[in-house]
Amino acid sequence: MNPLLDFTDLPRFDAIRPEHVTPAVTELLAAANEALERAVSDAVPADYEALSAVLDVATERLGRAWGAVSHLNAVADSPALRAAYNENLPRITEFHTRLGADERLYAKYKAVAASAAAQHLRPARQRALSNAIRDFVLSGAELQGPAKARFAQIQERQAELAQKFSEHVLDATDGYAYYASEAEMAGVPDDARQAARQAAQAEGRDGYKLTLQFPSYFPVMQYGENRALRERLYTAYVTRASELGEPEHDNSDVMRELLALRQEEAQLLGYRNFAELSLVPKMAESPQQVLDFLRDLARRARPHAERDLAELREFARAELGLTELAAWDLAYASEKLKEKRYAFSDQEVKQYFTEPKVLEGLFKIVETLFEVSIRPDAAPVWHPSVRFFRIERNGQLVGQFYLDPYARPGKRSGAWMDDVRGRWARPDGRLQTPVAHLVCNFAEGVGGKPALLTHDSVLTLFHEFGHGLHHLLTQVDDLGVAGISGVEWDAVELPSQFMENFCWEWEVLRRMTAHVDTGEPLPRALYEKMLAAKNFQSGLQTLRQIEYALFDMRLHAEPGSHERIQQVIDEVRAEVAVFPPPSFNRMQHSFSHIFAGGYAAGYYSYKWAEVLSADAYSAFEEAGVLDVDTGRRYRQHILEVGGSRPAAESFRAFRGREPRIDALLRHQGMA
């Protein structure tokens with residue numbers, strides 16, 4: 001049997017092959033189309049349960065199969081899989097576009113909402129119903145004739161372009177290698193040197209193979225003493241997928257066309273720009289409100305950023321002989337300054353964060369605060385390094401997750417959480433429990449030792465696990481608003497950023513650290529130095545995030561921006577950056593979040609949600625970091641309700657008041 005058609009339990013990732021994709025999609029699309037025709041016929045009454053039993057069952061099955069293909073495309077890319085994915089992407093897009101804009105189905109949902117029975121639906125289901133009606137409008141259900149046809153064309157082309165953008169970034173990243181000499185590797189930490197040496201030897205080459213994969217690239221930028229090598233790698237990294245790199249990977253035309261199509265889509269739906277359209281289902285009310293929020297935060301952060309930069313320049317001149325600080329010196333000089341000021345290095349800290357101990361510590365926090373247990377489980381996987389776990393409460397299965405921790409060729413860079421399936425009280429009476437993917441790109445262990453995580457990597461792991469908990473701990477039974485589904489995009493980062501805070505707590509860190517050689521926990525003195533350095537350069541980091549968010553919002557709020565992408569980023573940097581990058585920097589060409597990752601006109605949500613997450617965490621600072629009662633309230637008011645009510649309501653239910661910015665400013669040393 002085709003493994004993409006086997007839905008008895010979990011995806012058979014070990015058995016899925018590129019040749020399975022087209023036959024499975026063909027069969028599942030036929031079933032979904034049949035379900036759509038049945039749903040809009042007189043055979044199915046205008047009743048929520050009846051519609052769900054016909055349509056949701058078929059579309060969820062299609063979604064799970066295509067989700068498995070999309071996931072493999074992101075973590076195990078191959079020419080054959082890419083071809084199969086690209087062949088079927090337009091078919092999937094066409095179906096969902098047609099489904100979302102079907103006037104007959106829209107009329108049926110409106111009839112459901114208008115019926116007397118709708119008044120007695122449980123609140124979660126009422127929320128799912130109102131979201132569905134809103135989404136019909138945003139999907140073009142009220143468009144007619146040529147406008148409707150054009151809307152469908154735009155959706156299909158946007159999906160193709162987003163995929164092409166991703167492929168260009170992946171290929172440009174995977175396609176670069178530099179073989180450094182022994183002398184060039186001066187200062188680079190041993191584990192990174194060993195990994196680079198092994199990579200070169202595997203190809204029968206001398207020297208050290210350096211790539212643009214983050215675990216290879218960043219240790220050189222942070223510790224490499226050879227300035228020319230840093231400049232070489234930096235230049236390659238920031239010109240990936242641009243006109244300054246290889247022509248076949250250039251994203252310039254892709255970005256231009258995507259932005260123009262988004263603007264056209266917004267105007268078809270009656271909005272002045274794509275930013276306005278994007279904000280309809282979000283917490284923020286207008287592009288201007290977002291711009292004001294970002295500029296206010298930039299104003300508060302700027303004095304701190306200017307001080308950060310002045311200190312760094314003076315240190316680089318006096319201690320490192322760098323009279324002119326360049327972009328490829330920033331990470332290196334910052335690390336040296338941190339070592340001098342706080343008498344420790346990231347490399348020293350890393351020796352205590354062995355991956356097994358970090359995971360054990362993370363699981364212990366989650367088990368304590370949220371009253372669950374996490375145990376290893378078994379499932380087919382796509383790579384030998386992938387692991388699978390189950391979460392239980394009182395012996396009952398709550399959810400399961402895959403953990404794919406390491407960087408490798410063919411795997412998209414970055415870190416993310418994605419859903420395999422959502423929690424759902426299925427129409428046949430079965431309760432479907434949620435399953436998630438947690439994906440990171442850490443460096444594997446070398447020399448028979450476990451992987452060592454920088455403290456930043458630990459923060460990343462906790463961040464993605466926070467998203468996972470939002471998806472997995474939900475108690476909502478309606479698929480459309482369970483877990484992360486239906487949560488406003490600018491609130492979706494609350495649970496992820498919230499989890500990062502635990503990585504700074506002594507009672508947490510001492511239990512989740514063990515030196516790779518001695519097994520000793522993190523010394524208190526080293527922890528105090530880390531804490532003192534916590535807000536090191538927080539002004540610069542805040543302005544960098546605001547730069548990205550302002551660029552994104554302006555691109556999508558200003559008609560005609562597709563013709564002046566470089567000009568917009570230059571103007572934003574002139575407005576907020578205290579250390580503008582070199583003119584050849586083409587960050588936007590690999591900015592997958594907004595061009596291929598769902599964050600278009602939504603990148604501001606990281607800072608927006610940080611206000612919420614810092615304020616939520618301050619409740620734990622007040623009660624005790626591992627206070628079970630506070631954990632239970634947070635779980636019940638934030639995690640378990642998912643998208644079944646507005647995020648602002650959930651926050652007020654937990655905190656008893658509106659959110660305040662004070663905690664964020666305090667956490668970042670900018671109060």
Side-chain angles (χ1 to χ4, degrees), residues 3-4 10-18 20-21 24-25 62-90 92-93 96 158-175 211-215 240-241 249 251 254 258 379-388 401-422 435-442 444 460-461 463-465 467-468 471 484 492 496 589-600:
L4 284 167
L10 297 158
R12 289 163 51 198
F13 284 116
D14 58 340
I16 298 169
R17 302 285 177 267
H20 295 139
V21 178
V25 168
L62 170 66
R64 270 203 278 158
W66 184 245
V69 176
S70 301
H71 175 69
L72 291 174
N73 184 55
V75 296
D77 180 69
S78 71
L81 181 61
R82 182 181 291 189
Y85 181 85
N86 285 330
E87 179 189 340
N88 289 283
L89 178 62
I92 295 287
T93 307
H96 283 293
Q158 282 191 57
E160 286 173 14
L161 289 167
Q163 169 63 7
K164 191 176 284 189
F165 188 96
S166 278
E167 288 176 1
H168 285 170
V169 176
L170 179 65
D171 292 345
T173 303
D174 282 353
T211 72
L212 300 182
Q213 297 281 356
F214 207 73
R240 282 178 304 159
H249 302 147
N251 269 330
V254 177
L258 258 176
V381 294
W382 53 92
H383 190 271
S385 62
V386 177
R387 279 160 280 169
F388 190 62
F401 63 93
Y402 300 86
L403 177 65
D404 184 354
Y406 307 125
R408 57 181 178 267
K411 181 178 174 183
R412 218 167 271 170
S413 60
W416 65 91
M417 188 286 294
D418 206 353
D419 62 318
V420 180
R421 69 179 190 216
V435 182
H437 292 300
L438 298 170
V439 184
C440 297
N441 269 285
F442 304 141
E444 281 197 76
T460 297
L461 177 64
H463 180 102
E464 298 309 333
F465 209 85
H467 281 309
H471 179 65
I484 55 170
V492 88
S496 51
H589 287 71
S590 57
F591 197 179
S592 297
H593 273 79
I594 69 167
F595 289 112
Y599 277 84

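Any value given below was found using the heavy atoms of this structure, including those in side chains, with hydrogens, waters and symmetry copies removed.
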**OP:** Apply side chain to side chain contact (heavy atoms under 4.5 Å, CB included) to the pair Asp14 and Arg12, showing each step before the final yes or no.
**Re:** CA-CA 6 Å; Asp14 58 340; Arg12 289 163 51 198; 4.1 Å; yes

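- The minimum heavy-atom distance between Asp174 and Gly410, with the atom names listed, is OD2-N, 3.0 Å.
- Leu4 and Ala24 get closest at one heavy-atom pair: CB-CB, 3.6 Å.
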Subject >> Derivation of the side chain to side chain contact (heavy atoms under 4.5 Å, CB included) call for Phe595 and Val254 >> reply: CA-CA 9 Å; Phe595 289 112; Val254 177; over 6 Å; no

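- Between Phe401 and Val420, the closest side-chain pair of non-hydrogen atoms is not below 4.5 Å.
- For Asn73 against Arg412, the heavy-atom pair with the smallest separation is ND2-NH2, 3.5 Å.
- Arg408 contributes a side-chain N or O that, together with a main-chain N or O of Val75, makes up a donor-acceptor pair within less than 3.5 Å.
- The OG1 atom of Thr93 sits 7.5 Å away from the CD atom of Glu160 when rounded to the nearest 0.5 Å.
- Tested against Thr173, the residues His168, Gln213, Arg240 include a single side-chain hydrogen bond (donor to acceptor under 3.5 Å, both in side chains) partner, Arg240.
- Across all their heavy atoms, Ser496 and His463 have their closest contact at CB-O, 3.0 Å.
- Here the straight-line distance linking atom CD of Glu464 with atom CG of Leu438 works out to 7.5 Å at 0.5 Å rounding.
- In this structure, the side chains of Val21 and Tyr85 stay at 4.5 Å or more apart for every pair of heavy atoms.
- Using a 4.5 Å heavy-atom threshold, the side chains of Leu170 and Arg82 count as touching.
- Checked against the 6.0 Å centroid threshold, Phe591 and Tyr599 do not count as a close aromatic pair.
- At least one side-chain heavy atom of Asn86 sits under 4.5 Å from a side-chain heavy atom of Glu167.
- Taking every heavy atom of both residues into account, Ser590 and Val169 meet most closely at CA-CG2, 3.8 Å.
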Subject >> Worked check of side chain to side chain contact (heavy atoms under 4.5 Å, CB included) between Asp418 and Val439 >> reply: CA-CA 8 Å; Asp418 206 353; Val439 184; over 6 Å; no

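- Using a 4.5 Å heavy-atom threshold, the side chains of Thr460 and Asn441 count as separate.
- From His71, atom NE2 reaches atom CH2 of Trp416 across 7.5 Å, with rounding to the nearest 0.5 Å.
- A ring-centre distance under 6.0 Å is not found for His471 and His467.
- Remark: the backbone N or O of Asn251 is not paired with any side-chain donor or acceptor of Lys164 at under 3.5 angstrom.
- The side-chain heavy atoms of Ile484 and Met417, taken from C-beta on, include a pair separated by under 4.5 Å.
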Could you pull out all donor-acceptor pairs under 3.5 Å where a side-chain atom in residues 380-388 meets a protein atom, sequence neighbours excluded?
unit_1: Trp382; atom_1: NE1; unit_2: Asp404; atom_2: OD2; d: 2.8
unit_1: His383; atom_1: ND1; unit_2: Ser385; atom_2: N; d: 3.2
unit_1: His383; atom_1: ND1; unit_2: Ser385; atom_2: OG; d: 2.8
unit_1: Arg387; atom_1: NH2; unit_2: Glu355; atom_2: OE2; d: 2.8

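- Taking 4.5 Å as the limit, some side-chain heavy atom of Leu62 sits within range of a side-chain heavy atom of His96.
- The closest side-chain heavy-atom distance from Trp66 to Leu89 is below 4.5 Å.
- Taking the six-membered ring where the residue is Trp, the centroids of His437 and Phe13 are separated by under 6.0 Å.
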**OP:** Evaluate the criterion side chain to side chain contact (heavy atoms under 4.5 Å, CB included) for residue pair Leu72 and Ile16; output intermediate values, then yes/no.
**Re:** CA-CA 9 Å; Leu72 291 174; Ile16 298 169; 3.8 Å; yes

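- Under a 3.5 Å cut-off, the side chain of His20 and the backbone N or O of Arg17 do form a donor-acceptor pair.
- Minimum heavy-atom separation, Ala379 to Leu10: CB-CD1, 3.8 Å.
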